[in-house]
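Okay, structure first, notes after.
All chains are named by letter (A, B, ...) in the order of the sequence lines, taking the proteins before the strands, and each is independently numbered beginning at 1.
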2 protein chains.
Amino acid sequence: MARAGTTARKTRNQMEKRQAIFEAALDVFSEKGLRGTTLEQVAKAAGLSKQNVVYYFNGKDQIYAELLESLLEKWVQPLHDLNADGDPMDEILTYVSRKVQMSRNMPRESRLFATEILHGAPRLGEVLPTDLKALVDEKAAIIQDWMDAGKLAPLDPHHLIFSIWAMTQHYADFDVQVRSVLGPERSATRFEDAERFIKDMLIRTLRP
Amino acid sequence: MARAGTTARKTRNQMEKRQAIFEAALDVFSEKGLRGTTLEQVAKAAGLSKQNVVYYFNGKDQIYAELLESLLEKWVQPLHDLNADGDPMDEILTYVSRKVQMSRNMPRESRLFATEILHGAPRLGEVLPTDLKALVDEKAAIIQDWMDAGKLAPLDPHHLIFSIWAMTQHYADFDVQVRSVLGPERSATRFEDAERFIKDMLIRTLRP
DNA sequence: AAAAATGTTGACCGATCGTGCAGAAATCAT
DNA sequence: ATGATTTCTGCACGATCGGTCAACATTTTT
């Protein structure tokens with residue numbers, strides 16, 4: 001009897017299959033949501049049978065939960081890399097760059113988290129007020145220090161971070177709307193344009 | 001036999017019941033999403049039986065579709081009110097104010113549209129590239145004129161509008177995250193703080 | 001008051017979906 | 001090769017949900 005459950009990391013085959021299921025699940029969940037997707041859709045996208053998917057995970061909810069957890073660290077990595085010893089404006093602009101890149105290259109992850117938080121984050125409820133809050137508080141303190149040192153214009157660091165999240169992730173989460181409004185031709189350069197715009201905005205705003 | 005269907009607007013009672021269902025549906029749909037909510041949840045929230053809800057509408061999808069449509073005009077009203085003859089900075093800051101107010105007072109509507117667009121906007125697919133694009137293009141042209149006249153710093157008007165959408169709606173759509181990160185005490189003033197922050201940012205950015 | 005229209009409910013059906021389970025099939029260890 | 005372990009599938013159960021229909025109740029109209 002095989003238990004390909006939560007804690008057991010076993011053979012290479014298991015890892016590959018689990019990864020294939022993760023990949024398929026990310027595709028379907030980010031597009032249809034948790035309740036909107038069926039196990040068979042995930043299974044088909046992964047090239048497996050429905051029961052076989054259940055064999056590697058123990059159910060739909062577990063796939064979703066583990067998927068979310070496995071993406072969390074990668075998702076907050078850019079903020080984690082914000083370096084107190086770097087040049088303030090450079091650090092923030094680099095952060096914006098990475099966030100725009102993530103909206104461009106990882107829109108499914110962005111939409112997955114967006115949907116989850118939008119619906120009350122029942123599966124992230126513990127990590128938000130602890131881990132994420134701690135991380136944001138830490139980085140906000142760094143930014144506050146920069147402002148106190150006169151290297152940046154004084155603004156609320158928390159809301160600054162929120163605004164960067166909002167503006168950058170907007171281009172992943174609301175991509176349909178962005179493309180509809182911009183039209184086909186202008187949509188082609190939307191990420192470059194967005195990055196330039198957001199950076200311009202932050203430079204003007206944060207210049208002491 | 002009564003047909004309380006799409007086009008028929010009849011008695012006062014019908015209007016009231018339909019409105020009660022709309023109100024209940026907005027509650028549940030914005031929290032659980034379309035596929036995540038059952039007819040009985042809507043019915044219970046409206047104080048009616050499931051079959052009775054079907055009597056006034058013709059199904060779950062129709063409630064959702066009509067609800068979305070009925071909220072659309074109200075949702076884009078602030079942008080529609082952006083006045084070419086007003087003072088440029090005032091007009092934009094007023095727009096921000098109204099958008100923040102909507103995030104505070106109409107978070108369910110915000111989340112409803114956010115979820116819909118996030119999932120590809122299958123029920124708005126026609127109106128986005130036509131009506132919304134026309135509206136945004138019109139207002140972007142106005143802003144562009146202001147910039148050309150030297151009344152505002154030159155920036156891409158479309159992305160300026162996107163950034164305002166993103167920053168303001170963020171406080172409704174991701175409220176759970178915002179409150180988790182800010183903590184209980186700072187959460188109390190999150191909307192006032194956000195409005196002040198966004199306005200400061202835009203003043204610094206748009207000042208010629 | 002009678003009749004007609006409107007409103008409401010109980011019973012139920014068909015479809016879908018998640019999940020469990022026995023056993024077949026394939027792979028691996030010895 | 002043979003037995004053990006892992007991988008996969010066929011079958012089917014139970015639950016949920018959207019929607020139907022007929023009957024019943026209420027309100028409105030004449």
Worksheet entry | Integer-rounded Å distance: C/dT19 C1' and A/N58 CG | 11 Å
Practice prompt. Mind telling me whether B/H170 and A/W165 have parallel, tilted or perpendicular rings, with 30° and 60° as the class edges?
Written response: tilted
Discussion item. Rounded to whole Å, how long is the line connecting atom CZ of B/R18 with atom C1' of C/dT6?
Written reply: 15 Å
Worksheet item: Donor-acceptor pair, A/K139 side chain versus A/L82 backbone, under 3.5 Å?
Response: yes
Discussion item. Could you go through A/L34 and A/R123, starting from their C-alpha distance and side-chain angles, then the distance that decides it, and tell me whether this counts as side chain to side chain contact (heavy atoms under 4.5 Å, CB included)?
Written reply: CA-CA 12 Å; A/L34 171 56; A/R123 268 154 274 262; 3.4 Å; yes
Worksheet entry | Carboxylate-amine/guanidinium proximity below 4.0 Å for A/R196 and B/D156 | no
Worksheet item: Which whole-number value in Å describes the distance from A/E40 CD to C/dA15 P?
Response: 16 Å
Practice prompt. Could you give me the CA-CA distance, side-chain angles and deciding distance for B/K199 and B/S97, then say whether side chain to side chain donor-acceptor pair (under 3.5 Å) is met?
Written response: CA-CA 8 Å; B/K199 283 183 171 177; B/S97 279; 2.6 Å; yes
Fill in: d(CE, A/M15; P, D/dT6) in whole Å
17 Å
Practice prompt. Rounded off to whole Å, could you give me the CD-to-P distance for the B/E16 and C/dT6 pair?
Written response: 17 Å
Worksheet item: Between C/dT9 and B/N52, is there an OP1 or OP2 to side-chain N/O distance shorter than 4.0 Å?
Response: yes
Response to the item:
When rounded to whole Å, the OH to P distance for the pair A/Y56 and C/dT19 reads 18 Å
Discussion item. Heavy-atom count check: over 12 atoms from other residues, nucleotides or ligands less than 6.0 Å from A/E192 CD?
Written reply: yes
Item to complete: Under 4.0 Å between any heavy atoms, over every strand shown, what does A/K50 touch: base, sugar-phosphate, or nothing? Just pick one.
Response: base
Worksheet, complete the sentence: Which of C/dG18, D/dT7, C/dT8 is nearest the side chain of B/K17? It is C/dT8
Worksheet item: Which listed nucleotide (D/dC8, C/dG7, C/dT19) is nearest to the side chain of B/Q14?
Response: C/dG7
Worksheet, complete the sentence: Quick tally for nucleotides 21-30 of chain D: nucleotides whose base has a protein heavy atom under 4.0 Å get B, sugar-phosphate-only ones S, the rest -, giving ----------
Worksheet item: Nearest 0.5 Å, what's the CG-OG distance between B/L118 and A/S30?
Response: 9.0 Å
Worksheet entry | Donor + acceptor pair across side chains of B/T94, B/D90 (<3.5 Å) | no
Worksheet item: Do the charged groups of B/D175 and B/R190 touch, with an N to O distance under 4.0 Å?
Response: yes
Discussion item. Quick check on C/dT9: is either OP1 or OP2 less than 4.0 Å from any side-chain nitrogen or oxygen of B/S49?
Written reply: yes
Worksheet item: Distance check: side-chain N/O of B/Y55 vs OP1/OP2 of D/dT20, anything under 4.0 Å?
Response: no
Discussion item. Any residue in residues 28-39 of chain B with a heavy atom nearer than 4.0 angstrom to DNA chain D? Just list them by number, or reply none.
Written reply: B/T37, B/T38, B/L39
